[in-house]
Amino acid sequence: MSLSVRFGLAGLLALGGAAPVSAGAPQAGAMDAAVQAAMAQTGAKGVAVALIAGGKVVSVKTYGARNAKGEPLTADTILYGASLTKAVFGYLVTQLASEKKLDLDAPIAAMLPRPLPEYGNLDAYGNWGDLAGDARWRKVTPRHALNHATGFANFAFLEPDKKLRFHFDPGTSYAYSGEGISLLQFGIERGLGLSVEKELQRRFFQPLGMTRTSLIWQDGFGTNLADGWDETGKPEPHDDRSRVRAAGSMDTTIHDLAEMAAAMVRGYGLPRAWRVEYARGTQAIQSRTQFPTLNNPAGPGEGTRARAALGVVAFAGPQGAGWFKGGHNDVTANTLVCLERGQRCVLILGNDVRIERAFPKLVKAALGETGVPYRWEYGFKD
């Protein structure tokens, strides 16, 4: 087991002020013990954890291996960000809205010089030509996309005929959708003429010292790169993503993404009102669980009172308001949970999907009881 420490856990207590344990301040050594127990219980080979208090990174630790050779996972190891990309993209869009470069509640179609279906099926973005004959594409807004309320399935390739379609009117329901995020990326890049990658680098990654973060593969990543392990414990190589996908192509490190998470919770680069807007839940969630994304209505006592915000999910718990976002593929399990009180977060990046089962216990060890709706998010509570 490798261990990379930026500051001791005692520093978290100091920066967190005099908040009592019941308000979420961890006991010294609590996270170390919790992570080691979680890895033993789940069999997970690698995990990285960052703690944030007062809007500052106070601890970065890594555990286990980055590949089947047993090479250590370190604070600078490239890990797949997965859908945590959506939270970062949502923060960028919020900043663009604060600068009046776009309107969160105006149609994305108004950003484009041509009707959306006329762009046809673009491999780098989406199958927009499939929407010809259904005028609802004119109604989709940036907020709908970030709220997962466009009406699309998660991805068109999951449809029986592989075609993009609306399953409900935009804004009327919640259904997790990477296609919606891709549509907003298309509007920004083709309509506003802005590169999502370049804007993220210029506005956030470079100023925050995130030198090993990108939404597209960089050759330098290969020198310290994490592969992953699936549910059966089978190792799989890291996927070198060759296209910028705001829905989930970010490669990063625990060091880098912790800096971004700290910036987000303290409101870096946003007027206060717009920082509030970023994590303000505006879309009711009617599903029993997050996946499957469609035909999954909540029955009595099911579902969640959490609401979708601008790339994250807002919730209220015993410590007040918070927000979270997960990231997942066959060999990746990530979570970011932030509490507004004390500007406290825990960021967990796992290059072994099996660590996901331990997220409720790990977040509790870091922040105390939060109110994150795990049963809705993952289909399990603990």
Side-chain angles (χ1 to χ4, degrees), residues 2 4 6 45-50 57 60-89 91-92 122-126 178 181-182 185-186 188-190 193-230 234-264 327-334 336 347-353:
S2 70
S4 174
R6 179 164 183 169
K45 299 294 187 181
V47 64
V49 180
V57 180
V60 172
K61 297 187 178 184
T62 58
Y63 306 79
R66 66 180 177 92
N67 56 30
K69 296 178 182 178
E71 294 177 307
L73 184 66
T74 72
D76 291 322
T77 297
I78 294 294
L79 293 151
Y80 178 39
S83 283
L84 292 185
T85 313
K86 295 179 175 72
V88 174
F89 177 61
Y91 201 82
L92 168 64
L122 302 176
D123 184 53
Y125 292 101
I181 299 295
S182 293
Q185 178 185 350
F186 183 67
I188 290 170
E189 296 198 333
R190 288 296 183 93
L194 300 176
S195 161
V196 167
E197 169 70 10
K198 290 180 180 178
E199 291 300 309
L200 285 170
Q201 292 288 351
R202 179 177 70 84
R203 294 166 178 266
F204 302 111
F205 299 168
Q206 292 176 10
L208 294 170
M210 299 168 61
T211 60
R212 288 175 63 76
T213 298
S214 176
L215 269 63
I216 191 168
W217 176 256
Q218 306 292 323
D219 288 341
F221 289 171
T223 59
N224 187 353
L225 177 68
D227 295 330
W229 284 268
D230 68 13
K234 177 184 176 182
E236 290 189 14
H238 191 95
D239 184 3
D240 304 348
R241 290 161 181 83
S242 59
R243 292 180 297 178
V244 174
R245 301 298 294 266
S249 68
M250 181 173 61
D251 278 318
T252 188
T253 70
I254 188 65
H255 166 273
D256 280 11
L257 196 55
E259 293 294 345
M260 186 68 201
M264 290 158 66
H328 171 101
N329 72 2
D330 288 345
V331 296
T332 301
N334 301 331
L336 170 63
L347 170 67
I348 306 172
L349 303 181
N351 63 320
D352 188 321
V353 73

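Counting from 1, the numbers follow the sequence of the chain as shown.
- Remark: Q206 engages no residue in a side chain to side chain donor-acceptor pair (under 3.5 Å) (not counting sequence neighbours).
- With rounding to the nearest 0.5 angstrom, the OG1 atom of T211 is 11.5 Å from the CG atom of L208.
- At a threshold of 4.0 Å, the pair D251-R212 does not count as salt-bridged, since none of the basic side-chain nitrogens sits closer than that to a carboxylate oxygen.
- In summary, the side chains of S195 and E189 do not present any donor paired with an acceptor at a separation below 3.5 Å, with no hydrogens or angles considered.
- Rounded to the nearest 0.5 angstrom, T62 OG1 and H255 NE2 are separated by 12.5 Å.
- Counting only heavy atoms from C-beta outward, the side chains of K234 and W229 never approach each other to under 4.5 Å.
- Side chain of Y80 to main chain of G248: a donor-acceptor pair is present (N/O by atom type, distance under 3.5 Å, no hydrogens or angles).
- Judged purely by atom type and a 3.5 angstrom limit, K86 uses its side chain to pair as donor or acceptor with the backbone of A247.
- The nearest pair of heavy atoms linking S214 to E197 is OG-OE2, 2.8 Å.
- For the side chain to side chain donor-acceptor pair (under 3.5 Å) test, residues two or more places apart in sequence or in another chain that qualify with E71 are R66, N67.
- Contact record, T213 with D256: OG1-OD2, 2.8 Å, taken as the closest heavy-atom pair.
- Contact of the I216 side chain with the Q218 side chain is registered, since non-hydrogen atoms from C-beta on lie closer than 4.5 Å.
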Candidate pair L122 and R190, rule side chain to side chain contact (heavy atoms under 4.5 Å, CB included), full reasoning: CA-CA 12 Å; L122 302 176; R190 288 296 183 93; 4.2 Å; yes
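- When every heavy atom of N351 is checked against every heavy atom of L79, the shortest pair comes out as CB-CD2, 3.7 Å.
- At distances below 3.5 Å, not a single donor-acceptor pair connects side-chain atoms of Q185 with backbone N or O atoms of F89.
- You'll find the side chain of I348 reaches within 4.5 Å of the side chain of V47, heavy atoms only.
- A donor-acceptor pair under 3.5 Å is formed between the side chain of T85 and the backbone N or O of A82.
- Here the side chain of S182 pairs a donor or acceptor atom with the backbone of G178 at under 3.5 angstrom.
- Under the side chain to side chain donor-acceptor pair (under 3.5 Å) criterion, D239 pairs with no residue, sequence neighbours left out.
- In terms of heavy atoms, T77 sits closest to T74 at OG1-N, 2.9 Å.
- Note that the CG atom of L200 and the CE atom of M250 stand 9.0 Å from one another [nearest 0.5 Å].
- Residues P235 and D227 form no side-chain contact, since every pair of their non-hydrogen atoms from C-beta on lies 4.5 Å or further apart.
- The aromatic rings of H238 and W217 sit tilted, their planes meeting at an angle between 30° and 60°.
- Looking at L257 and L84, their side chains come closer than 4.5 Å, going by heavy atoms from C-beta outward.
- In this structure the side chain of F221 never reaches within 4.5 angstrom of the side chain of T253, judged on heavy atoms.
- By the salt bridge (charged side-chain N to carboxylate O under 4.0 Å, His left out) test, D352 is found to be paired with R354, residues two or more places apart in sequence or in another chain being considered.
- Contact check for I254 versus V49: no side-chain heavy atoms found under the 4.5 Å cut-off.
- In this view, D219 satisfies the side chain to side chain donor-acceptor pair (under 3.5 Å) rule with no residue, not counting sequence neighbours.
- Scanning all heavy atoms of the two residues, the minimum distance from V60 to A75 falls at CG1-CB, 4.0 Å.
- Here CG of L349 is found 9.0 Å from CG of L336. Values are rounded to the nearest 0.5 Å.
- Heavy atoms only, all atoms of each residue included: F205 and M260 are closest at CE2-SD, 4.4 Å.
- Taking E199 as the reference, R202, R203 meet the salt bridge (charged side-chain N to carboxylate O under 4.0 Å, His left out) condition, with sequence neighbours excluded.
- For the pair L215/V196, a side-chain contact is recorded, criterion being any heavy-atom separation below 4.5 Å from C-beta on.
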